[in-house]
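Here the structure is laid out as structure tokens; the discussion comes afterwards.
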Amino acid sequence: MKYSTKLLFLFLMLSNFAKAQQIPNSVCFYYNWYGSKAIDGDNYHWKHPVMPENDKDTTKKVFPGNGDIGANYYPAAGEYSSADSLIVKQHMQQMAKAGFNIVAVTWLGVQDYTFKSLPFIFKYAAQSNLKVCFQIEPCMRKTALSTVQEMIYLTKQFGKETAYYRDEKTNKPLFFVYDSYVIDAKEWNKVLCKSNDELLFRNTVYDADVIGLFCWKEDTAFFQNACFDGMYTYFASRGFTFGANPDNWNYLKEFANTNKLKFIPSVGPGYNDNRIRPWNKKNTKDREKGLYYDRFFEAALHCNLDWIAVTSFNEWHEGTQIEPAQSYQFKDTIYLDYEGLPDDYYLTRTRYYLEKWYNSKIK
């Protein structure tokens, strides 16, 4: 008996899914910048300043941590260190439970305290059948040239790790570049275009898929000239930018396809950075007991996406985390929780939608 081409394709896709138990081309943004005095010498990021609105804002307030953190939610795991091996193991297991295939780890440089968490991340990512890529943060992308040098370093340092992400067809690593638009497209062109490559980046074993941040509709010109391999939207506050609005994703996907770019948009469970940016309340997005996440994902399902990302696993400062939270009160501060939902609700809900998205692609 012969299977039709469609049935054979379905069989192969389902077989691969059953084997992997992770959803291909699904990305979770992950932050390894949390510290404790015992492990890191300070409670980094749980201790957090209130961010000034502009140059005239003289705010000096700092949340000291130890119960009074720079976030509106409080983690179920407490004020952990990202270099605690048990925490990292737990996080990788939770992201695997949610169905992710790729963990996009924030990169702050080899001299940063966050570096020591990476061996644990790669170890436990491999154990959980996850792959690791990096999001290059602004402090490490001061120029286009220095950004590419960071990518080359990361591949040299971690390229042989089992969990280091490489495209199955091209063997290329994957990098996200946050706020890439700050650097002129002409500068990116010099280091990313095959015909104008100062480092011969494109013609070496360090070649990679480099994904820039798409914010505004006018950014199409940037991506036509900068020689990025793709674009991502990142923001979980729906409508914060043109790219963060799923109503625009069909347009952006068509643009990406025309220009042979990967398009990796992000969905998120909500947005709340009121403690560290009290002037930014206009961008707050209430979780609505999970309904905000549902609508965001449902909108994504109508866009026939090849990739999808979630912002974020644990960006607690902006309230986009899907990591379990707990009810907690410190003095007069009552932290938000997940409104009566189980603490792992967003993990299981993510798995539900990633599987729904995956199944929609193979019909």
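Positions are given from 1 along the sequence. In this text, all values refer to a predicted model and were calculated from it rather than measured experimentally.
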Is a side-chain donor-acceptor pair under 3.5 Å present for [Y] with [X]?
| X | Y | value |
| --- | --- | --- |
| Asn32 | Thr106 | no |
| Glu137 | Trp107 | no |
| Tyr232 | Gln135 | yes |
| Thr114 | Ser117 | no |
| Ser81 | Asp40 | yes |
| Tyr74 | Glu79 | yes |
| Tyr271 | Asp273 | yes |

Decide side chain to side chain contact (heavy atoms under 4.5 Å, CB included) for Tyr181 and Asp179; before the verdict, give the C-alpha distance in whole Å, the side-chain angles of both, and the deciding distance to 0.1 Å. CA-CA 5 Å; Tyr181 57 84; Asp179 279 1; 3.1 Å; yes
Contacts of Cys227 meeting disulfide (SG to SG under 2.5 Å) (sequence neighbours excluded), chain-then-number -> Cys193
I'd like to know if the side chain of [X] and the backbone of [Y] have a donor-acceptor N/O pair within less than 3.5 Å.
| X | Y | answer |
| --- | --- | --- |
| Asp229 | Val210 | yes |
| Glu53 | Trp279 | no |
| Tyr292 | Arg238 | yes |
| Arg166 | Asn171 | yes |
| Ser237 | Phe240 | no |

Check the pair Thr147, Met151 against side chain to side chain contact (heavy atoms under 4.5 Å, CB included), reporting the backbone distance first and the verdict last. CA-CA 6 Å; Thr147 306; Met151 296 175 193; 3.6 Å; yes
Ring geometry between Tyr251 and Phe242 (parallel below 30°, tilted from 30 to 60°, perpendicular above 60°): perpendicular
Hey, do the aromatic rings of [X] and [Y] have their centres closer than 6.0 Å?
| X | Y | value |
| --- | --- | --- |
| Phe158 | Phe122 | yes |
| Phe29 | Tyr234 | yes |
| Tyr44 | Tyr113 | yes |

Just one of Asn314, Asn43, Val88 clears the side chain to side chain contact (heavy atoms under 4.5 Å, CB included) bar with Tyr80, so which one? Asn314
Might you work through the side chain to side chain contact (heavy atoms under 4.5 Å, CB included) test for Trp33 and Leu108, ending with a clear yes or no? CA-CA 9 Å; Trp33 57 27; Leu108 294 168; 4.2 Å; yes
Is the shortest distance from a Lys or Arg side-chain nitrogen in Arg295 or Glu298 to a carboxylate oxygen in the other one below 4.0 Å? no
Among Tyr345, Tyr338, Tyr346, whose ring-ring contact (aromatic ring centres under 6.0 Å, His included) with Tyr293 holds? Tyr346
